[in-house]
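Okay, structure first, notes after.
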Amino acid sequence: MYGLLDCNNFFVSCERAFNPSLNGKAVGVLSSNDGCVVARSNELKALGVKMGTPMYQIKNLIDRGEVTVLSSNYTLYGDMSARVMRVLQENAKNLEIYSIDEAFFDVGTNEHSEAYVRKLAKTVTKSTGIPVSIGVAETKTLAKIANHFAKKYKKYNQVCLMETPEKREKALRLTPIGDVWGVGRKSIEKMRFEGIFTAYDFMQKNRAWVRKNFMLTGERVWQELNGEPCVDLVPKKSKKQICTSRSFGEMVEDLETLSQAVSSFASDCAYKLRSQKSCANAVMVFIYTNRFRTDLPQYMQSKIIPFSVATSDTLEIVNASLYALKKIFMSGFKYKKAGVVVMDVVSESTVQQNLFDVKNRRKAENLMKVIDKINDDYRYGVVKLAVQGVEENWKLRRENLSPNYTTKLSEIIKVKI
DNA sequence: TCTGGGGTCCTAGGACCC
DNA sequence: TCTGGGGTCCTAGGACCC
């Protein structure tokens, strides 16, 4: 049996863990630039505010004090996530960290399963302050559905085991097809056309028909709903590509400012590469204008630069990115977003040396180690390249940011006695 | 005025080869 | 105007996820 633990309203719960005055209130966490709502407390969901709602649409609720919004603080959430996963690692078998707030694990099959998962949920919440839900079923897709029930219905008290065919059928009849893991917007339309409205409707279809109409992905969902596992637990692999991109607080027109942003993104990608002990074989840079501003001329372009030898060197990745940027930059457009993607990522240890490589790699590696050490010990970004600029004109808006309670000494919570 | 960011997997179709 | 049939490899883009 597969278990799925999911943190309830994760970003909001992280904020609440350090600011209990948010408990019981309608709270939302915003995307970068304070653009739209990406996490909601139950109270905010109850007000009918949907995931992804732009902030300006709930401006009046905020002004009236009915809703509290916070800028996203990924440093805090990343650290809280690591705490949750650490507790799980110690108490669950074959853990697969699926996302920042979710993990699958092996529950086994015996009559003590329920007591075990209930205790697990309690342990996680007690040691981290984050409320969680656990769903257990024969496949990961079914465990997701069980988890959904655990969250939605109070009577389950945060844990739902869907271990018998009767319980499964009952649950699938109550599950809209769009709520099933792997069924997205496009498929929903098609399913509706075919008269499929619930997970149960889909499960009842003939396998060959499913394969023909919904391809491999659809067939897998079908198998999983029928209790046949085909998406196995996979230990966390290192990433195949790493992307750093941002929308700008204000639109950018000049190459100079774009260069600062792109070199910062490139530098960030290089750091992420080194943190997971890998190197990239290519880097891609992309720039976009604001697609919502239909009144303005639109432009989007990207360019890939391959490396002769896979690298994680900041200088090399920044240089290649700036070269790519110069190639695609066109003046006369107002740019809203840019990003850097390092691609074809391989493990550091497998990098082949190129006979004709003239660069002194050892020296570059040592320099990077020193920079990482300083940035890790003090504050990320203390040491950076001159080309990244000091003013950072492209910076984001983050007007409602909470302190870094767990990762920055100066912002640690103070207890008054 | 304001509308996120970071990923994975699959497929179709082009290029190329025999 | 006619212009095979298959195979492989690569890439762009779609779909989906949180």
Side-chain angles (χ1 to χ4, degrees), chain A residues 4-11 28-40 49-60 62 69-74 77-78 81 96-104 140-141 144 147-148 177-191 211 214-221 230-231 234 236-251 265 268-269 272 276 281-282 284 286 288-296 300-304 306 334 336-345 396-400:
Chain A
L4 171 66
L5 177 139
D6 190 311
C7 301
N8 302 348
N9 314 327
F10 184 57
F11 296 172
V29 173
L30 303 168
S31 61
S32 66
N33 274 320
D34 293 346
C36 43
V37 178
V38 291
R40 302 159 297 156
V49 175
K50 299 265 180 297
M51 180 77 170
T53 304
M55 182 174 60
Y56 70 93
Q57 285 179 8
I58 54 166
K59 192 87 175 31
N60 49 347
I62 300 166
V69 288
L70 298 158
S71 304
S72 42
N73 183 344
Y74 283 96
Y77 312 148
S81 172
E96 177 196 346
I97 299 171
Y98 178 69
S99 74
I100 193 163
D101 71 333
E102 278 174 84
F104 289 100
K140 288 164 97 176
T141 305
K144 277 259 186 190
N147 188 286
H148 193 77
I177 187 65
D179 286 0
V180 176
W181 194 34
V183 180
R185 226 186 47 234
K186 284 279 172 191
S187 305
I188 297 173
E189 280 170 38
K190 202 169 162 191
M191 299 248 186
R211 172 73 218 219
F214 296 95
M215 310 299 227
L216 185 58
T217 330
E219 190 183 15
R220 282 192 189 147
V221 171
C230 55
V231 193
V234 277
K236 193 83 178 163
K237 287 172 290 191
S238 60
K239 293 183 179 129
K240 292 173 184 169
Q241 58 178 43
I242 295 170
C243 173
T244 306
S245 73
R246 295 284 179 278
S247 294
F248 306 130
E250 275 163 29
M251 288 190 277
F265 302 155
D268 203 59
C269 283
K272 290 176 187 167
Q276 67 164 47
N281 278 296
M284 177 177 85
F286 62 85
Y288 294 158
T289 49
N290 188 347
R291 69 181 197 280
F292 295 105
R293 292 291 300 272
T294 44
D295 53 319
L296 295 174
M300 56 157 77
Q301 191 55 267
S302 66
K303 182 158 184 67
I304 297 172
K334 291 179 191 298
K336 179 62 182 172
K337 181 172 179 171
V340 173
V341 188
V342 283
M343 322 171 74
D344 196 359
V345 171
L396 328 154
R397 271 193 296 275
R398 283 170 104 187
E399 288 169 0
N400 308 286

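Each chain gets a letter, A, B and so on, in the order the sequences are listed, and its residues count up from 1. This structure is a prediction, so every number in the text was calculated from the model and none was measured.
Between A/Y74 atom OH and B/dG5 atom C1' the separation is 7 Å, expressed in whole Å. One can place NZ of A/K337 at 16 Å from P of B/dC2, the figure rounded to the nearest angstrom. The OH atom of A/Y288 sits 16 Å away from the P atom of B/dT3 (whole-angstrom rounding). The separation between A/D344 atom CG and B/dG7 atom P is 15 Å, rounded to whole Å. Whole-Å rounding puts the A/L70 CG to B/dG4 P distance at 19 Å. Regarding A/D34, its CG atom lies at a distance of 15 Å from the C1' atom of B/dT1, rounded to whole Å. In this structure, A/K144 atom NZ and C/dC16 atom C1' are separated by 11 Å, rounded to whole Å. In this entry the distance linking CD1 of A/I100 with C1' of B/dG6 reads 11 Å, nearest Å.
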Pull out every protein N or O sitting under 3.5 Å from an N or O of nucleotides 8-15 of chain C, one pair per line with the distance.
none

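Taking the side chain of A/R293 as heavy atoms from C-beta on, and the options B/dG5, B/dT3, B/dC2, the nearest nucleotide is B/dC2. In the set C/dC17, B/dG4, B/dG6, the nucleotide with an atom closest to the side chain of A/W181 is C/dC17. Of the candidate nucleotides B/dG6, C/dC18, B/dG4, B/dG4 has the atom nearest to the side chain of A/S32.
Here A/Y56 does not lie in a stacked arrangement on the base of B/dT1, lacking the combination of planes under 30° and ring centres under 5.5 Å apart.
Side chains of A/K336 and A/Y288 form no contact here, defined as non-hydrogen atoms less than 4.5 Å apart.
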Pair A/Q57-A/K50, side-chain contact (heavy atoms from CB on, under 4.5 Å): steps then yes or no: CA-CA 11 Å; A/Q57 285 179 8; A/K50 299 265 180 297; over 6 Å; no
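A/W181 and A/Y98 have perpendicular rings, their planes meeting at more than 60° on a 0 to 90° scale where under 30° would count as parallel.
Annotated stems with DNA chain C as a participant read B:5-18 with C:5-18, given as range with range, by first number; only runs of 3 or more Watson-Crick or G-U pairs under 3.5 Å qualify.
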